[in-house]
Amino acid sequence: MSSSIYDTLNREQKEAVLTTEGPLLLLAGAGSGKTRALTHRIAYLIREMGVNPWNILAFTFTNKAAEELRERVDQLVGFGSEQIWVSTFHSTCVRILRRHIDRLGFDNRFTIYDADDQKSLIKDICKRFGIDNKQIRERDFMNAISSAKDRLVDPLEYRMQNMGDFSKKKIGEVYQEYQDQLKKNNALDFDDLIMKTVELFKACPEVLENYQDRFQYISVDEYQDTNRAQFELIRLLAGKYRNLCVVGDDDQSIYKFRGADIRNILDFEKVYPDTKVIKLEQNYRSTANVLDVANAVIRNNRGRKAKALWTKKGAGDRVCFRQFDTAYEEADYIAAQIASAAGKGKGKYGDYAVLYRTNAQARLLEERMVQEGIPYDVVGGVNFYARKEIKDILAYLKTIDNGRDDLAAKRIINIPRRGIGPSTIARVEDYAEMRDISFYDALRDADNIMDMGRTVSRIDPFVTLIQTFRSKAQYMGIADLIRDILEKIGYKEYLESTDDEGAEDRYANVEELISKAAGYEEAHDGCTLTEFLAEVALVADIDNVEGSADRVLLMTLHSAKGLEFPCVYMAGMEDGLFPSYMSISADDTAELEEERRLAYVGITRAMDRLTLTAAKSRMIRGETQYHPVSRFVKEIPEELLDCEKAVPRRWSFQTGDPDEDYDSREDYDRRGSRGGYEKGSGKLGSLRLTEDVFDFRPKASLAGRKPAAKGEKPFIAQGMGSLNQLAGVTKGMPYQAPAAVDYKEGDRVSHIKYGPGTVTRLEKDVRDYKVTVEFDKAGQKIMYASFAKLKKI
DNA sequence: TTTTACTTCGTTTTT
DNA sequence: CGAAGTAAAA
């Protein structure tokens with residue numbers, strides 16, 4: 001190793017870099033520099049081993065991780081790194097299937113169905129099969145089918161395995177029909193992308209061998225989150241050269257619900273007996289205090305590979321814990337802390353992240369961020385590409401691109417309103433089924449459908465429209481095509497007619513889609529509509545986060561995996577919320593252990609400062625619920641925590657308090673800290689008020705309250721409302737004092753979209769001016785000055 | 001066919 | 001509290 005780029009690595013990292021041949025299992029604890037090891041390893045392969053970048057494949061879970069990995073390799077290697085295939089499992093499979101899926105009887109221009117599409121397809125099928133969705137919900141079908149696919153179980157096998165069970169038998173039938181429908185629509189769902197690729201490789205050994213020869217060196221990041229299907233995919237690809245490096249941490253496995261199989265990591269050595277195992281245990285990210293807290297929590301899990309993270313960093317600040325009466329106060333505290341710390345020059349806004357268990361918690365936090373004038377981004381919520389207005393436009397594009405996608409065609413047939421209702425649609429569907437053609441082709445044939453009468457006159461213009469777009473798509477760019485669609489269908493007017501509240505925002509999203517399309521075209525010269533649609537289907541919310549933006553990040557603990565921040569807040573540390581109610585009442589302690597790993601992931605995101613917060617009461621689904629402090633907080637030894645007031649510490653698993661009477665570890669897992677949850681007869685547990693839940697209701701109402709019965713819902717009370725909408729990556733308020741406006745009531749102003757108008761009202765709001773303008777053309781609009789960007793004329 | 005008023009029900013987490 | 005589904009009216 002002559003070059004100096006490897007000198008900064010520690011011994012284990014170096015060893016990992018030098019182990020280029022054969023199977024390698026890199027057990028990399030949180031913050032142990034695994035990406036560093038991975039990037040240097042790839043650089044080493046290219047620079048020192050003379051491996052052609054073309055022969056290297058690296059799997060990641062998100063596009064963002066893929067981009068980062070490529071960038072960092074780029075910095076090390078200089079050139080050639082664009083030849084490395086770095087991408088997510090899903091994107092990789094799309095690329096492979098685009099070339100070869102015709103071998104499985106699909107058209108290579110297949111479309112990709114998201115969860116929404118799956119749900120409507122299942123709903124259709126249930127209707128046809130006469131299945132009552134109250135007995136078996138669509139979600140149940142989706143989960144069952146998804147989990148079958150994660151395990152590479154096809155419909156036939158599924159039905160064979162589940163002949164006895166009534167509801168599983170039904171699921172098997174639906175699964176079969178669902179697959180048939182997907183094929184008919186020339187569509188694949190997320191799980192199919194992996195499963196079909198495995199199928200392809202098994203059906204066509206020559207195709208597999210082609211890729212085996214291409215990908216002679218394979219590495220997999222976040223290996224603990226791979227499912228059975230992904231495992232098989234990797235096994236096949238690496239089958240010939242066996243140069244396979246997987247990097248993972250069993251303590252950070254948090255996607256079991258998505259099919260991740262921890263056995264993939266625990267049993268790796270069994271599948272590859274000649275595996276070299278290297279552990280990275282030195283943590284470079286967190287202070288000793290943070291690390292101690294993380295270890296204190298995770299050590300309560302069993303069934304983990306032994307490891308001991310250590311750091312050379314100093315002790316650092318103590319980890320804080322604060323409990324508040326309400327979630328409002330919790331949010332207040334976090335926002336105020338960030339505002340004052342950032343104001344005092346303690347780091348940038350971008351140094352802060354607020355993590356929570358459920359997306360719903362974002363609202364409150366977001367509201368307080370706005371009030372404090374803190375610039376923030378919310379990751380997650382409703383994915384940008386899953387929003388109605390975006391899906392409408394994408395459905396147009398899909399119909400233009402792939403006439404076989406019935407779901408897309410049906411979605412837009414009456415958007416905007418064309419007077420085509422369910423009965424007409426049903427007739428067209430019947431006709432399509434009879435002739436075994438697609439829904440769209442049936443529409444083209446509308447003249448021949450019996451007793452359609454005047455409805456034909458409504459269908460024809462639609463067909464003509466799509467045909468026109470099709471020919472335009474031959475030479476027009478995607479962004480231009482979208483603009484043309486919007487104009488021709490009068491989408492803006494449609495939005496305004498259906499949703500007067502959010503029309504403006506929705507249209508802004510559509511405009512955002514145009515710029516994303518333009519950006520994509522710029523980055524991918526000569527790209528096709530098909531490619532764009534696939535790309536868009538595989539975007540995760542986290543992919544849209546700009547690391548350089550100096551903004552506080554609000555996101556779920558799941559989204560935070562792989563990231564790090566100097567200062568982290570974990571909000572909602574409450575039993576029933578985190579760990580979730582579901583995991584507490586589950587029979588299986590595995591669910592609770594997964595929650596604990598999630599806590600571990602959250603804690604280890606922090607570099608210097610970590611604050612845990614909880615609320616005694618919070619609104620969930622319009623009801624106020626009371627929760628005790630999270631058991632995960634109680635698992636942290638007192639001396640490691642900075643609490644203003646001592647955490648009520650009823651559980652003494654570690655302190656040996658004789659007060660306690662848990663019979664066993666299982667008993668603790670089940671019941672949690674004293675008085676928390678009781679197991680009811682059914683699946684639902686019940687929550688009782690306990691001493692560590694502060695009660696601030698009038699005594700009278702408390703006195704009249706009877707103890708919760710078994711199976712009853714958690715005790716609730718009415719509270720106040722919430723607000724705001726969250727989504728994709730939501731840009732928070734720009735960091736600015738109340739926008740100074742240079743106009744007043746009665747002034748003439750101009751708006752970029754609405755043109756000239758007269759200011760009729762101007763009032764001061766929390767931290768902005770609310771302006772009412774009577775536009776000459778667009779009529780009256782009420783808007784915030786900072787967003788409206790009005791110019792005085 | 002479309003609009004509306006009313007009921008029901010749910011959430012963990014996401015590629 | 002909202003989304004989404006259903007029933008009834010326009």
Side-chain angles (χ1 to χ4, degrees), chain A residues 59-66 87-94 112 114-116 119-120 123 133-134 137-139 142-143 146 149-150 189-194 222 225-227 229-230 253-260 355-361 363-364 379-383 385-386 388 414 417-425 454-455 458 497-498 537-543 555-561 572 576-586 591-592 594-595 597-599 601-602 618-625 684 713 716 718-726:
Chain A
F59 279 123
T60 60
F61 266 81
T62 65
N63 296 298
K64 185 168 186 269
S87 88
T88 65
F89 279 100
H90 295 271
S91 312
T92 299
C93 290
V94 169
I112 300 166
D114 66 12
D116 263 6
K119 197 177 170 191
S120 25
K123 196 176 273 178
N133 279 130
K134 269 166 198 151
R137 291 181 312 250
E138 293 98 330
R139 189 160 295 267
M142 286 164 67
N143 287 339
S146 174
K149 288 180 178 178
D150 288 343
D189 66 21
F190 282 141
D191 304 310
D192 278 337
L193 295 175
I194 316 287
E222 306 285 10
D225 288 328
T226 52
N227 60 35
Q230 288 160 334
S253 164
I254 55 174
Y255 282 109
K256 185 147 174 271
F257 73 94
R258 207 169 68 189
L355 312 181
Y356 36 78
R357 181 67 242 267
T358 66
N359 277 306
Q361 290 168 256
R363 289 196 175 188
L364 224 46
V379 180
V382 181
N383 184 308
Y385 293 102
K388 275 200 191 70
N414 208 28
R417 302 255 145 75
R418 296 187 176 92
I420 302 168
S423 62
T424 311
I425 291 175
R454 355 176 259 300
T455 336
R458 297 181 174 155
S497 73
T498 48
L538 299 175
V539 171
D541 293 316
I542 195 76
D543 296 337
M555 67 189 125
T556 62
L557 290 151
H558 281 90
S559 296
K561 198 172 66 154
L577 184 63
F578 186 38
S580 78
Y581 187 60
M582 304 280 256
S583 65
I584 293 169
S585 42
E591 289 200 33
L592 197 60
E594 175 135 325
E595 295 277 304
R597 290 194 290 271
L598 194 53
V601 166
R618 76 171 59 236
M619 272 259 260
I620 294 174
R621 296 205 291 263
E623 310 166 330
T624 303
Q625 296 195 8
L684 291 173
K713 270 190 154 186
I716 51 167
Q718 292 305 313
M720 23 178 152
S722 58
L723 35 95
N724 256 335
Q725 204 186 337
L726 67 144

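Every heavy atom of this structure was used, including side-chain atoms; hydrogens, water molecules and symmetry mates were not. By convention in this document, chain letters (A, B, ...) are assigned in the order of the sequence lines, proteins followed by strands, and residues within each chain are numbered from 1.
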Pick out the pairs of N or O atoms, protein on one side and nucleotides 6-9 of chain B on the other, that lie under 3.5 Å.
none

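- Across all strands, Glu595(A) comes closer than 4.0 Å to base atoms (heavy-atom distances).
- Taking only side-chain nitrogens and oxygens, Ser580(A) never comes nearer than 4.0 Å to OP1 or OP2 of dT13(B).
- Put simply, CD on Glu138(A) is 12 Å from P on dA4(C), counting in whole angstrom units.
- Along DNA chain B, the nucleotide nearest Pro422(A) and the nucleotide nearest Gln230(A) are compared for position; the residue whose nucleotide lies closer to the 5' end is Pro422(A).
- Atom CZ of Arg137(A) is separated from atom CE of Met142(A) by 12.0 Å, given to the nearest 0.5 angstrom.
- The side chain of Thr556(A) approaches dT13(B) more closely than any other nucleotide in the set dT15(B), dG10(B), dT13(B).
- Interatomic distance, Leu557(A) CG to Arg597(A) CZ, rounded to the nearest 0.5 Å: 14.0 Å.
- The shortest side-chain heavy-atom distance between Leu577(A) and Gln625(A) does not fall under the 4.5 Å cut-off.
- Side-chain nitrogen and oxygen atoms of Lys256(A) include none within less than 4.0 Å of the OP1 or OP2 phosphate oxygen of dT13(B).
- Comparing dT1(B), dT15(B), dA4(C) against the side chain of Ser423(A) picks out dT1(B) as the nearest.
- In this structure, Leu598(A) places its CG atom 7 Å from C1' of dT13(B), rounding to the nearest Å.
- In this pair, His558(A) and Phe257(A) present their aromatic rings perpendicular. The plane angle is above 60°, beyond the 30 to 60° band.
- The listed nucleotides are dG5(C), dT15(B), dG10(B); the one nearest the side chain of Ala540(A) is dT15(B).
- Across the protein-nucleic acid pair, Glu591(A) atom CD and dT13(B) atom C1' stand 11 Å apart, rounded to whole Å.
- In the set dT14(B), dT1(B), dG2(C), dT14(B) carries the atom at the smallest distance from any side-chain atom of Ser559(A).
- Stacking annotation: Phe257(A) is not stacked on the base of dT14(B) (requires ring centroids less than 5.5 angstrom apart and an interplanar angle below 30 degrees).
- Distances from the side chain of Lys123(A) to the nucleotides dT11(B), dG5(C), dT15(B) place dG5(C) closest.
- Separation of atoms CG (Asn359(A)) and CE (Met555(A)) is listed at 11.5 Å; rounding is to 0.5 Å.
- Ser580(A) has its side chain within reach of Glu595(A): a pair of non-hydrogen atoms, C-beta onward, lies under 4.5 Å apart.
- Of all nucleotides listed (dT11(B), dT2(B), dT1(B)), dT2(B) comes nearest to the side chain of Arg417(A).
- Between Asn414(A) and dT1(B), a side-chain N or O to OP1/OP2 separation shorter than 4.0 Å is absent.
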Task: Watson-Crick and G-U pairing of DNA chain B written in dot-bracket, each distance under 3.5 angstrom, with | for inter-strand partners - done: ||||||||||.....
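- Atom CD in Gln625(A) sits roughly 14 Å away from atom P in dG10(B) (whole-Å rounding).
- Contact between the side-chain N/O atoms of Asn227(A) and the OP1/OP2 oxygens of dT15(B) is not found at any separation under 4.0 Å.
- Interatomic distance, Leu598(A) CG to Phe578(A) CZ, rounded to the nearest 0.5 Å: 4.5 Å.
- To the nearest whole angstrom, the two C1' atoms, one in dT13(B) and one in dA4(C), are 22 Å apart.
- Residue His90(A) holds its NE2 atom at 11.0 Å from OG1 of Thr62(A), rounded to the nearest 0.5 Å.
- Taking NZ from Lys64(A) and OG1 from Thr88(A), the interatomic distance works out to 14.5 Å, rounded to the nearest 0.5 Å.
- When rounded to the nearest whole Å, the span between CZ of Arg363(A) and P of dG2(C) equals 6 Å.
- Between the side chain of Gln230(A) and the main chain of Ile194(A), no donor-acceptor pair closer than 3.5 Å is present.
- In this structure, Asn383(A) places its CG atom 14 Å from P of dT13(B), rounding to the nearest Å.
- Listed nucleotides: dT15(B), dA4(C), dT11(B). Nearest to the side chain of Phe190(A): dT15(B).
- dT13(B) atom P lies 17 Å from atom CG of Leu592(A), rounded to whole Å.
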Open item on the list: Using side chain to side chain contact (heavy atoms under 4.5 Å, CB included), reason through Asn227(A) and Arg258(A) one step at a time and then give a plain yes or no.
Closed with: CA-CA 8 Å; Asn227(A) 60 35; Arg258(A) 207 169 68 189; over 6 Å; no
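- Atom CD in Glu623(A) sits roughly 12 Å away from atom P in dG10(B) (whole-Å rounding).
- A residue-by-residue look at Asp191(A) and Gly421(A) shows that Gly421(A) has its nearest nucleotide of DNA chain B further toward the 5' end.
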